[in-house]
Protein chains: 2
Amino acid sequence: MDEIDRKIVIAVQQDGAAGLADLAKVSGLSVSATAERLKRLEERGVVRGWHAELDPAEVGCPLLAFLRVAIRPGKEDIAFRRLIRKLETVLECHQLTGEWSYLVKLRLPDIAALETLMAEEIRPLAGMERISVEIAMATVKETALLPVIRAPEEEEA
Amino acid sequence: MDEIDRKIVIAVQQDGAAGLADLAKVSGLSVSATAERLKRLEERGVVRGWHAELDPAEVGCPLLAFLRVAIRPGKEDIAFRRLIRKLETVLECHQLTGEWSYLVKLRLPDIAALETLMAEEIRPLAGMERISVEIAMATVKETALLPVIRAPEEEEA
DNA sequence: TCTGAAAGCCAGAGTCC
DNA sequence: GGACTCTGGCTTTCAGA
């Protein structure tokens with residue numbers, strides 16, 4: 001992960017439709033060398049995949065909501081995680097420090113869908129101690145573009 | 001946005017590297033018809049862009065943190081939003097219902113970087129009423145893949 | 001690990017059905 | 001919308017350094 005890899009990775013993250021010819025200009029190397037580096041970055045898992053970014057509203061999920069969940073550890077916790085992974089309206093679920101167990105990010109068509117999800121899937125779960133629902137009224141920023149940090153010591157092969 | 005568009009959109013979201021030949025198989029149409037539909041979906045903004053997905057840890061941002069911010073409305077609020085949009089370690093910022101103004105999602109190299117950010121950028125802001133910092137200890141799920149909902153009535157051209 | 005060239009593939013435009 | 005064609009540009013691969 002040297003400076004050239006970093007340039008390539010930043011470029012493909014911003015524009016995944018860029019061809020090798022474009023990337024070669026960015027990296028300063030030849031097309032074939034750029035292609036080899038990109039292939040290695042994919043093999044090493046630095047580049048995980050390629051995706052089209054969709055407009056949430058256009059795709060029928062204008063509603064953004066967050067759940068805070070406190071759940072008893074153990075068997076109930078396992079069941080909760082299994083459910084979370086199954087539900088495609090759940091985009092993210094992280095276990096956080098603090099008194100709440102989980103933060104859950106949801107994308108849904110409308111409030112009715114949210115209420116249905118809560119009533120039929122979430123609330124019936126055993127071991128739920130507290131649930132809080134918050135709705136996004138506005139989004140100041142929402143990007144999947146990661147900052148690519150230059151780590152001084154990790155100039156590996 | 002009919003059933004065929006939906007198939008195309010789901011396919012390119014999952015695999016943005018798929019060629020038109022693959023997409024044609026998915027859609028059931030010819031290659032040229034599939035290409036036209038995809039082009040229209042991009043023009044209409046349903047497909048917003050193309051990106052490579054990176055591994056956060058590999059890119060030097062293993063630490064995931066969330067901020068809760070309560071800020072006085074008005075001039076201070078504007079300044080806060082401007083800062084948020086500028087910082088590339090801030091991936092998301094949403095205004096939520098409830099007593100906290102904002103939920104902020106951060107990706108950072110380590111705790112030291114988080115503390116630096118808080119001390120130098122966030123806390124000095126005027127009008128800050130409350131700030132809470134939470135760190136992700138584990139991630140159960142994290143995807144950018146939106147659910148593509150079939151909206152019964154919006155069968156437009 | 002890079003360069004450069006050669007070979008093969010795919011997307012894009014045009015036409016007709 | 002489908003099928004066909006052609007062309008340009010791009011990706012891929014390989015020899016050579």
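As a basis for the values below, the full set of heavy atoms in this structure was taken, side chains included, without hydrogen atoms, waters or symmetry mates. We name chains A, B, ... by the order of the sequence lines, and we start the count at 1 in each one. Because the structure is predicted, anything quoted here is derived from the model rather than measured.
- In this structure, A:Glu99 does not pair ionically with A:Arg68, as no charged nitrogen and carboxylate oxygen lie closer than 4.0 Å.
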Contacts under 3.5 Å, N or O only, protein and nucleotides 8-13 of chain D:
| residue | atom | partner | partner atom | Å |
| --- | --- | --- | --- | --- |
| D:dT11 | OP1 | A:Leu20 | N | 2.5 |
| D:dT11 | OP2 | A:Leu20 | N | 3.2 |
| D:dT11 | OP2 | A:Ala21 | N | 3.3 |

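- When the C1' atom of C:dG12 is taken as reference, atom CG of B:Leu38 falls 13 Å away, rounded to whole Å.
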Q.
salt bridge (charged side-chain N to carboxylate O under 4.0 Å, His left out), that's the test. Do B:Lys39 and B:Glu36 meet it? Break it down for me.
A. CA-CA 5 Å; B:Lys39 197 175 125 202; B:Glu36 278 167 20; over 6 Å; no
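- Residue-level contact check: B:Ala33 touches the backbone only, with heavy atoms under 4.0 Å from sugar-phosphate atoms and none from bases.
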Q: Please test B:Arg37 against B:Thr34 for side-chain contact (heavy atoms from CB on, under 4.5 Å), starting from the C-alpha separation and ending with a verdict.
A: CA-CA 5 Å; B:Arg37 277 176 179 263; B:Thr34 307; 5.8 Å; no
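- Not a single side-chain hydrogen bond (donor to acceptor under 3.5 Å, both in side chains) links A:Arg130 to another residue, sequence neighbours left out.
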Identify each donor-acceptor pair in which a side-chain atom of residues 135-142 of chain B lies under 3.5 Å from a protein atom, sequence neighbours left out, and give them as a table.
| residue | atom | partner | partner atom | Å |
| --- | --- | --- | --- | --- |
| B:Thr139 | OG1 | A:His94 | ND1 | 2.8 |
| B:Lys141 | NZ | A:Ile84 | O | 3.2 |
| B:Lys141 | NZ | A:Arg85 | O | 3.3 |
| B:Lys141 | NZ | A:Leu87 | O | 2.7 |
| B:Lys141 | NZ | A:Val90 | O | 3.1 |
| B:Glu142 | OE1 | B:Arg107 | NH2 | 2.7 |
| B:Glu142 | OE2 | B:Lys105 | NZ | 2.9 |
| B:Glu142 | OE2 | B:Arg107 | NH2 | 3.2 |

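- Residue B:Arg37 has no polar side-chain atom (N or O) positioned under 4.0 Å from OP1 or OP2 of D:dG2.
- Distance A:Ile4 CD1 to C:dT3 C1': 14 Å, rounded to the nearest Å.
- Whole-Å rounding puts the A:Leu23 CG to C:dC2 P distance at 14 Å.
- When all heavy atoms are compared, the tightest approach of B:Leu91 to A:Leu145 is CD2-O, 3.3 Å.
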